[in-house]
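Shown next, in structure tokens, is the structure this report addresses.
We count residues from 1, following the sequence as given.
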Amino acid sequence: MKETRTQAMQTAESDDFLLPLRHMNLIDDFLFDVATVDLEVCKILIELSLGIQIREIRWKEGQKVIHNLPGRRGIRMDFYVEDDEGRIFDVEMQKRKEGHVPKRTRFYQALNDAPLLKSGEKSFDSLKPTYIVIICGFDLYGFGKYRYTFENSCNEVPGLKMGDACTKVILNTKGKNDSEVERSLVDFLHYVAESEASNVQEDCDERLKRLHKKVNGIKSNRQMGVTYMKMEERDRLIKESGKAEGEAKKLIQQICKKMQKGKTPEQIADILEEELGTILPLYEAAEKCAPEYDLDEIYDLVRPKDED
């Protein structure tokens, strides 16, 4: 009887850790960030978003953070990969209608292209075809489309494309033109908005089934639930206590020292005995502030918005 009671208590504790994860959808930052650590997930997202087939993808050098000139804003990308044909894919998730999405894609394009050209290089042939995909939880343009695809074209000559090899795609989870697009896109976007088994029909695209299996694995991962709750607890402490700010800055300082020695986020988490989910957002914020690593500036990037 005592053993049964203990098991029940352990199960209840596990459920407490997993409950927030189980209610998350792919459109939520934490679940999307964790899921897209997996290259197969990234490949599925690209294929279903664009209606294409890809043989193989790899992480683009630099992965998630691209720096601008010193003192100028850089960018943190959700994921940034290149396929075996040399095409570059930058995929972002935008749950709420905030910021200027079209101008953000313009900025992303500029910073994506800059590292591809070497100093003094005269030809622009090394600029590879680029796809910038923003998955939105709202209809940005109000025409009820699941997918809005943009390429630079000529006003004076209909059908004439500029040929700059940059395609920008805005996806809308609330689309209504089901008959105009492939079913795999519709099912995928519904699943992004509500990542539940009920949105994975028996006759749906096999890639969506594989995606759901991986997402379900994350939602059932107790350690991932612990990581999320620790992140939430850290945010709560930062909001409630000035002392927590000092502790956060101390951790940031430790991370910066390790970064200057070339340590990866995984290595830093191991050295400091912290969860990777705790280290990663601080590491990425610090990257934006390199090489000065100003503690106040880094802290401003990661502190909860309602702390002000």
Hey, could you give me the [atom1]/[atom2] distance between [X] and [Y], rounded to the nearest 0.5 Å?
X: F89; Y: C42; atom1: CZ; atom2: SG; result: 11.5 Å
X: I218; Y: R22; atom1: CD1; atom2: CZ; result: 14.0 Å
X: I252; Y: K249; atom1: CD1; atom2: NZ; result: 8.0 Å
X: D33; Y: L26; atom1: CG; atom2: CG; result: 11.0 Å
X: S184; Y: I44; atom1: OG; atom2: CD1; result: 12.0 Å
X: L276; Y: Y283; atom1: CG; atom2: OH; result: 11.0 Å

(Q) I need the single residue from D84, D83, D90 that forms a salt bridge (Lys or Arg N to Asp or Glu O under 4.0 Å) with R87. Which is it? (A)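 The option that passes is D83.
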
Which heavy atom in [X] sits nearest to a heavy atom in [Y], and how many Å separate them?
X: A285; Y: V302; result: CB-CG1, 3.4 Å
X: G137; Y: I27; result: CA-CD1, 3.3 Å
X: G142; Y: Y148; result: N-OH, 3.9 Å
X: A286; Y: M259; result: CB-SD, 3.6 Å

- Message: Applying side-chain contact (heavy atoms from CB on, under 4.5 Å) to L282 and I298, what does each step give before you reach the verdict?
- Response: CA-CA 8 Å; L282 302 180; I298 297 169; 5.8 Å; no

Under 3.5 Å donor-acceptor, [X] side chain and [Y] backbone:
X: N177; Y: Y146; value: yes
X: K128; Y: A165; value: no
X: D205; Y: R207; value: yes
X: K219; Y: M24; value: yes
X: R147; Y: V169; value: no
X: D28; Y: L31; value: no
X: E266; Y: K263; value: no
X: E47; Y: I54; value: yes
X: N25; Y: S195; value: yes
X: D139; Y: K174; value: no

Can you tell if the side chain of [X] reaches within under 4.5 Å of the side chain of [Y], non-hydrogen atoms only?
X: P102; Y: L140; answer: yes
X: F188; Y: E182; answer: no
X: L251; Y: T278; answer: yes
X: F30; Y: L21; answer: yes
X: Q223; Y: E275; answer: yes
X: E297; Y: E292; answer: no
X: N199; Y: L208; answer: no
X: Q109; Y: I132; answer: yes

Residues 149-159 vs side-chain hydrogen bond (donor to acceptor under 3.5 Å, both in side chains), sequence neighbours excluded, gives E151-K161, E151-T167, N152-D164

*F150 six-ring face occupied by K168 cation (under 6.0 Å, within 45°)*: no

- Please lay out, stage by stage, how E206 and K209 fare under the test salt bridge (Lys or Arg N to Asp or Glu O under 4.0 Å). CA-CA 5 Å; E206 289 298 320; K209 292 180 182 179; 3.2 Å; yes

Across all chains, not counting sequence neighbours, the ring-ring contact (aromatic ring centres under 6.0 Å, His included) partners of F143 are none

Query - Candidate pair D38 and R210, rule salt bridge (Lys or Arg N to Asp or Glu O under 4.0 Å), full reasoning - result: CA-CA 12 Å; D38 185 328; R210 296 203 307 272; over 6 Å; no

Check your understanding: Got a sec, which residues hit side chain to side chain contact (heavy atoms under 4.5 Å, CB included) with Q253, two or more places apart in sequence or on another chain?
Key ->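 Once residues adjacent in sequence are excluded, the partners of Q253 under the side chain to side chain contact (heavy atoms under 4.5 Å, CB included) criterion are K257, L295.
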
Original post:
Under the salt bridge (Lys or Arg N to Asp or Glu O under 4.0 Å) criterion, do K145 and E180 qualify, and how do the steps go?
Top reply: CA-CA 9 Å; K145 305 294 185 183; E180 298 176 358; 2.9 Å; yes

- request: Pick out which of I170, N172, T173 makes a side chain to side chain contact (heavy atoms under 4.5 Å, CB included) with C136.
  value: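 Going through I170, N172, T173 one by one, the side chain to side chain contact (heavy atoms under 4.5 Å, CB included) with C136 is satisfied by I170 alone.
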
Discussion item. Under the criterion side-chain contact (heavy atoms from CB on, under 4.5 Å), I'd like the reasoning laid out for I271 against K261: C-alpha separation, chi angles, the key distance, then a yes or no.
Written reply: CA-CA 13 Å; I271 293 169; K261 294 180 180 179; over 6 Å; no

Count the heavy atoms of every other residue, nucleotide or ligand shown that sit under 6.0 Å from CZ of R58, and state whether that count exceeds 12.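 It does: R58 CZ has more than 12 such atoms within range.
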
Do other residues, nucleotides or ligands put more than 12 heavy atoms under 6.0 Å from the CD atom of E40?
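For E40, atom CD is crowded (more than 12 foreign heavy atoms under 6.0 Å).
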
**Request:** Run the numbers on L48 and L189 for side-chain contact (heavy atoms from CB on, under 4.5 Å), then give the verdict.
**Result:** CA-CA 9 Å; L48 294 178; L189 290 175; over 6 Å; no

Test side-chain contact (heavy atoms from CB on, under 4.5 Å) on I46 and F79 and set out the steps.
CA-CA 11 Å; I46 293 168; F79 75 82; 3.9 Å; yes

